[in-house]
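Some notes on the structure that comes next.
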Amino acid sequence: MQSIVSVRHLSKTYDDGFKALKDINLEIRKGEIIALLGPNGAGKTTLISVICGIVNPSEGEVLVDGNNIITDFRATRSMIGLVPQELTIDSFSTVFAALSFSRGLFGKTPDPAYIESVLKDLSLWDKRNNRIIELSGGMKRRVLIGKALAHQPTVLFLDEPTAGVDVELRKDMWGLVRKLRDSGVTIILTTHYIEEAEEIADRIGIVTKGEILLVEEKDELMRKLGKKQLILDLVEPLTSLPESLLALSLEVSEDGATLTYTYDTQGEHTGITNLMEELRDAGIRFKDMRTTQRSLEDIFVKLVEEA
Amino acid sequence: MNWQGVKAIYAFEMERTRRTLMQSIIGPVISTSLYFVVFGAAIGSRIQQVDGISYGAFIVPGLVMLSLLTNSISNASFGIYFPKFTGTIYELLSAPISMFEALLGYVGAAATKSLILGAIILATAGFFVPLQIAHPFLMALFLLLTCISFSLFGFIIGIWANNFEKLQLIPLLIVTPLVFLGGSFYSASMLSPFWQTVTLFNPVLYLISGFRWSFYEISDVSVGVSLAMVLVFLTACLLIVSWIFRTGYHIKK
Ligand SMILES: Nc1ncnc2c1ncn2[C@@H]1O[C@H](COP(=O)(O)OP(=O)(O)O)[C@@H](O)[C@H]1O
Ligand SMILES: [Mg+2]
């Protein structure tokens with residue numbers, strides 16, 4: 001898979017000495033939606049800001065489509081659109097003027113027809129002549145997206161696009177993000193909502209304390225999540241598994257009092273019926289049973305705690 | 001060169017003026033008129049001619065400079081400070097535009113506004129006193145160089161300032177006094193020899209003196225020295241700006 005953004009050994013130490021990014025390595029694939037998931041203060045905004053040219057890196061390098069973000073900043077920045085976390089926007093411009101300004105700033109010749117199509121996609125066409133100060137928060141966020149799209153970027157960064165956005169709007173936003181991805185735009189979004197990452201990402205990167213703990217296909221993560229465990233409390237402790245049970249994904253606890261069977265809820269067969277038969281044949285009896293499921297939440301919390 | 005980007009910034013800044021037309025144009029016109037009423041008519045009628053020129057006409061070049069300097073600085077400094085303050089500077093920093101191109105947009109717009117303002121003030125002055133301009137080309141050159149230099153100076157202040165007090169500080173504490181003490185309302189020859197010498201350390205004196213010479217061919221210092229001083233100031237501002245761009249001072253974290 002072709003990489004569109006390569007982050008290599010990137011570190012950032014702010015002027016006050018705070019190390020916000022520590023040796024970040026990340027390959028973003030062309031055409032994917034990748035979610036950077038992490039708690040507040042993890043360094044998500046800093047990472048995005050470095051890639052977009054707002055914050056200077058302290059160490060390491062970033063390439064966008066093979067171009068260095070510092071030496072070839074014109075090439076890299078022309079490709080990138082950024083929707084910032086905060087609603088920072090000139091309140092006095094009209095919606096249409098705001099988008100036209102952004103397009104010009106990014107070096108593109110005026111194209112009112114394109115701006116019109118972006119505004120229509122964002123359901124802002126009615127508001128094109130309104131000043132931004134007159135718009136609601138949700139609309140302002142959409143204007144920011146429109147500004148980021150005004151120069152037809154191929155890589156779009158969305159920094160916490162749905163923070164403080166109501167459920168309805170959040171769904172609209174996800175729809176929009178998918179639509180953009182389908183049109184060929186690579187999308188990097190940050191979020192601290194696990195559901196959001198689950199909902200729209202192709203891959204998920206978990207960020208905490210300036211480090212990327214893991215980057216994985218969402219489906220892969222979900223499959224791990226999809227794993228359930230059946231825990232059996234035995235009548236008599238076992239010292240080891242009988243021969244006939246070795247082929248099953250069974251584990252004996254240290255004290256031999258419980259057996260744990262791991263299975264895939266998304267698989268065609270859970271194998272539980274088979275397990276029961278094998279246990280009966282082996283003469284193993286149990287007095288109680290329960291199942292547990294790991295959630296992304298669990299994985300996330302665990303990873304973040306370990307870090 | 002990202003000319004579209006330069007154009008976008010320039011147009012945005014000019015639009016900002018249009019939005020605040022009252023403050024940008026009408027304000028200075030009113031204050032200039034007040035100066036004429038107070039100094040030109042009320043006080044001026046009791047003052048003899050200065051170097052053969054009526055007092056009302058004598059103060060015209062100084063008044064124009066007063067407005068040009070303060071407005072160039074405030075336009076340019078506010079233009080770049082405000083995005084820093086509101087956070088919208090993220091867009092400028094993430095755009096494929098060099099700081100030099102951004103500067104062209106901001107300083108170009110601020111200088112344009114000042115030029116327009118200068119023309120309006122001159123026209124206003126024409127209502128109060130008969131104007132004569134001996135060297136129109138030189139006058140235009142002084143006007144242009146002053147607008148550019150002080151817009152650059154304002155840009156520097158806007159980048160340096162990290163709060164509103166700092167933004168106001170230099171114009172208020174340094175520029176305004178220098179303009180008032182730079183011979184806007186008097187000729188340096190009216191002062192005692194000691195103060196005449198002190199005045200020679202005021203860069204604004206050279207500006208006003210040269211500018212006045214282009215009107216009436218009277219000056220406190222020779223016009224060549226005046227022109228040289230403007231160029232020195234312009235060069236100094238350019239050097240500071242290029243230093244700022246190299247170090248990213250107060251712009252990027
Ligand atoms: N300009 C700055 N100077 C010093 N520290 C900063 C600055 N900006 C952010 N930080 C710190 O860097 C850390 C990461 O911040 P940020 O990237 O905004 O995190 P996130 O977007 O994941 O919430 C935080 O601890 C924050 O306080
Ligand atoms: Mg953030």
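Just so it is clear: chains get the letters A, B, ... in the order the sequence lines come, proteins before strands, and each one is counted from 1.
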Of the backbone (N, CA, C, O) and the side chain (C-beta and beyond), which part of A:L144 lies under 4.5 Å from a heavy atom of chain B, both, or neither? side chain
Just checking, any donor-acceptor pair under 3.5 angstrom between side chains of A:S11 and A:D23? no
Measure distances from B:L92 to the heavy atoms of chain A and classify the residue's part below 4.5 Å as side chain, backbone, both or neither. both
Heavy-atom pairs under 4.5 Å with chain B - which of A:E86, A:K147, A:M79 has more of them than the others? A:K147
Is A:K12 in contact with chain B via its backbone, its side chain, both, or neither, using a 4.5 Å heavy-atom distance? side chain
Among A:V55, A:T46, A:T76, A:D90, which has the most heavy-atom pairs under 4.5 Å with chain B? A:D90
Determine the interplanar angle of the A:W125 and A:F96 rings, folded into 0 to 90°, and report it as parallel if under 30°, tilted if 30 to 60°, perpendicular if over 60°. perpendicular
Can you tell me if A:R103 and A:Q152 form a side-chain donor-acceptor pair at under 3.5 Å? yes
Quick check on A:L82 against chain B: is it the side chain, the backbone, both or neither that has a heavy atom closer than 4.5 Å? both
Using 30° and 60° as the class boundaries, would you call the ring planes of B:F142 and B:F211 parallel, tilted or perpendicular? perpendicular
Quick check on A:S49 against chain B: is it the side chain, the backbone, both or neither that has a heavy atom closer than 4.5 Å? neither
On the 0 to 90° scale, with breaks at 30° and 60°, tag the B:F164-B:F85 ring pair as parallel, tilted or perpendicular. perpendicular
Does CZ belonging to B:F100 count more than 12 external heavy atoms closer than 6.0 Å? no
Run the ring pair (Phe, Tyr, Trp, His ring centres under 6.0 Å) test against A:F157 and tell me which residues pass, sequence neighbours left out. none
Among B:P83, B:A95, B:A8, B:G5, which residue has the highest count of heavy-atom pairs closer than 4.5 Å to chain A? B:A95
Report which part of A:S100 has an atom under 4.5 Å of a heavy atom belonging to chain B: side chain, backbone, both, or neither. neither
Can you say whether B:E101 sits under 4.5 Å from chain A via the side chain, the backbone, both, or neither, judging by heavy atoms? side chain
What part of A:D15 is in contact with chain B, defined as an atom under 4.5 angstrom from a non-hydrogen atom: side chain, backbone, both or neither? neither
If I measure from the heavy atoms of chain B, does A:F92 come under 4.5 Å with its side chain, its backbone, both, or neither? both
Of the options A:L36, A:I54, A:D159, which is the one that meets A:T45 in a side-chain contact (heavy atoms from CB on, under 4.5 Å)? A:D159
